Amino acid sequence: PAAAPMAPSMAPSGSAMGASDEFGAGCAAVPTDASNPGSFAAMAKVPVATAASGNPVLSTLVTAVKKANLVDSLNSAKGITVFAPANAAFEKIPSATLNGVLNDNDQLTKVLTYHVVPGRLSPDQLAGTHKTLEGQDLMVAGSGTAFTVNGNSSVVCGNVQTENATVYIVDTVLMPKG
């Protein structure tokens, strides 16, 4: 049985996409004014890379996606789940290591595509092993509103809807093996 939600959701179960079903303490950092391009309402109307570019919590990720020339690929993908590292996740990486990855397009692409899973995973589908676009598996554990990815990255704001993706903002960059 699923744990009772911390607060009752105003959206009926099975509600249409775009309903405010986001969860997690990290969601508080997302702008609430619907006219702001980084708000949940605005993000729901545009593809994922465009949505992320309006969200101040994801500016480092957007820089990396642009550097790897993945904007069009992500925006044109049909139905994906993105584990989007927040700026704080990138800040955990030593700057020399981060700069090395940012300047190695193959490695950067590998790391970024490891954060993307085919299909839109709802919170009740999130736990389990998922094959990434990079090709390796990542493991999600948890339920309700508490999830970890690969045992060391927590979902800080989940179930964020964009036109073509469901986004889970994580607090640690996920690194593929090898």
Side-chain angles (χ1 to χ4, degrees), residues 1-30 38-41 43-44 47-49 51-52 55 57-58 60-62 64-65 70 73-75 77-93 109-178:
M6 303 263 283
S9 172
M10 299 307 287
S13 57
S15 62
M17 296 288 280
S20 293
D21 294 327
E22 301 88 12
F23 64 83
C27 293
V30 175
S39 70
F40 293 131
M43 289 174 67
V48 67
N55 191 319
V57 177
L58 301 174
T60 306
L61 174 62
V62 170
V65 166
L70 291 173
S73 299
L74 289 173
N75 276 348
K78 300 288 182 234
I80 55 176
T81 297
V82 178
F83 294 92
N87 294 341
F90 287 99
E91 291 165 10
K92 291 180 181 180
I93 301 171
T109 300
K110 187 176 168 99
V111 169
L112 293 174
T113 56
Y114 185 68
H115 289 76
V116 183
V117 173
R120 293 177 82 122
L121 298 174
S122 63
D124 61 349
Q125 300 169 312
L126 203 55
T129 302
H130 305 285
K131 185 169 280 307
T132 67
L133 294 188
E134 183 268 337
Q136 295 183 56
D137 290 341
L138 57 75
M139 178 69 195
V140 181
S143 63
T145 60
F147 293 96
T148 58
V149 185
N150 289 349
N152 69 343
S153 185
S154 296
V155 173
V156 295
C157 181
N159 202 31
V160 178
Q161 301 300 319
T162 73
E163 185 181 80
N164 68 329
T166 300
V167 178
Y168 293 89
I169 300 174
V170 294
D171 68 358
T172 304
V173 175
L174 308 172
M175 291 299 205
K177 294 175 184 74

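Not measured: the values here are computed from a predicted model. Numbers here simply count residues along the sequence, with the first being 1. These numbers come from the heavy atoms of this one structure, side chains and all, not from hydrogens, waters or symmetry mates.
A donor-acceptor pair under 3.5 Å is formed between the side chain of N164 and the backbone N or O of L74. Of the possible polar contacts, none joining the D137 side chain to the T129 backbone as a donor-acceptor pair under 3.5 Å is found. Although no hydrogens or angles enter the test, the distance criterion places no donor-acceptor pair under 3.5 Å between the side chain of E134 and the main chain of V111. A donor-acceptor contact shorter than 3.5 Å links the side chain of T132 to the backbone of Q136. Remark: side-chain polar atoms of T113 are paired, donor with acceptor, to backbone N or O of T109 under 3.5 angstrom. N150 places no side-chain N or O within 3.5 Å of a backbone atom of N152 that could act as its donor or acceptor partner.
Listed by chain and number, the residues in a side chain to side chain donor-acceptor pair (under 3.5 Å) with Q125 are S122 (sequence neighbours excluded). Take N87 and apply the side chain to side chain donor-acceptor pair (under 3.5 Å) test, not counting sequence neighbours, and it matches S59, T60. Remark: T172 engages K92 in a side chain to side chain donor-acceptor pair (under 3.5 Å) (not counting sequence neighbours).
Proximity of R120 to I80: side-chain heavy atoms (C-beta onward) are nowhere separated by under 4.5 Å. Between S154 and F147, the closest side-chain pair of non-hydrogen atoms is not below 4.5 Å. The shortest distance between side-chain heavy atoms of V170 and V156 does not fall below 4.5 Å. Contact annotation: the side chain of V116 never approaches that of F83 to less than 4.5 Å [non-hydrogen atoms, C-beta and beyond]. In this structure, the side chains of T162 and F40 stay at 4.5 Å or more apart for every pair of heavy atoms. Residues V65 and L112 are in side-chain contact: their nearest non-hydrogen atoms beyond the backbone lie under 4.5 Å apart.
Nearest approach of P123 to G144, heavy atoms of both residues: CB-O, 4.4 Å. Closest heavy-atom contact between V57 and N55: N-OD1, 2.9 Å. Contact record, S39 with V30: CA-CG1, 4.2 Å, taken as the closest heavy-atom pair. L58 and A84 make their closest contact through CD2-CB, 3.9 Å (heavy atoms, listed as atom of the first residue, atom of the second, distance). Between G26 and C157, the shortest heavy-atom contact is C-CB, 3.8 Å. Considering all non-hydrogen atoms of both residues, V82 and A165 come closest at CG2-CB, 4.4 Å.
Ring pair F23/Y168 is tilted by interplanar angle, where 30° to 60° counts as tilted.
Rounding to the nearest 0.5 angstrom, the gap separating the CD1 atom in I169 from the CG atom in N159 is 11.5 Å. Going from atom CD of E163 over to atom CE of M43 covers 12.5 Å, rounded to the nearest 0.5 Å. Residue L133 holds its CG atom at 9.5 Å from OG of S73, rounded to the nearest 0.5 Å. Here the CG-CG distance, from L138 to L174, works out to 6.5 Å after rounding to the nearest 0.5 Å.
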| request: Applying side-chain contact (heavy atoms from CB on, under 4.5 Å), run through V140 and T148 and close with a yes or a no. | output: CA-CA 6 Å; V140 181; T148 58; over 6 Å; no
| request: Output, in order, the C-alpha distance, side-chain angles, deciding distance and verdict of side-chain contact (heavy atoms from CB on, under 4.5 Å) for L121 and T166. | output: CA-CA 7 Å; L121 298 174; T166 300; 6.0 Å; no
| Checking side-chain contact (heavy atoms from CB on, under 4.5 Å) for the pair V48/V167: CA distance, chi angles, key distance, verdict? | CA-CA 8 Å; V48 67; V167 178; 3.7 Å; yes
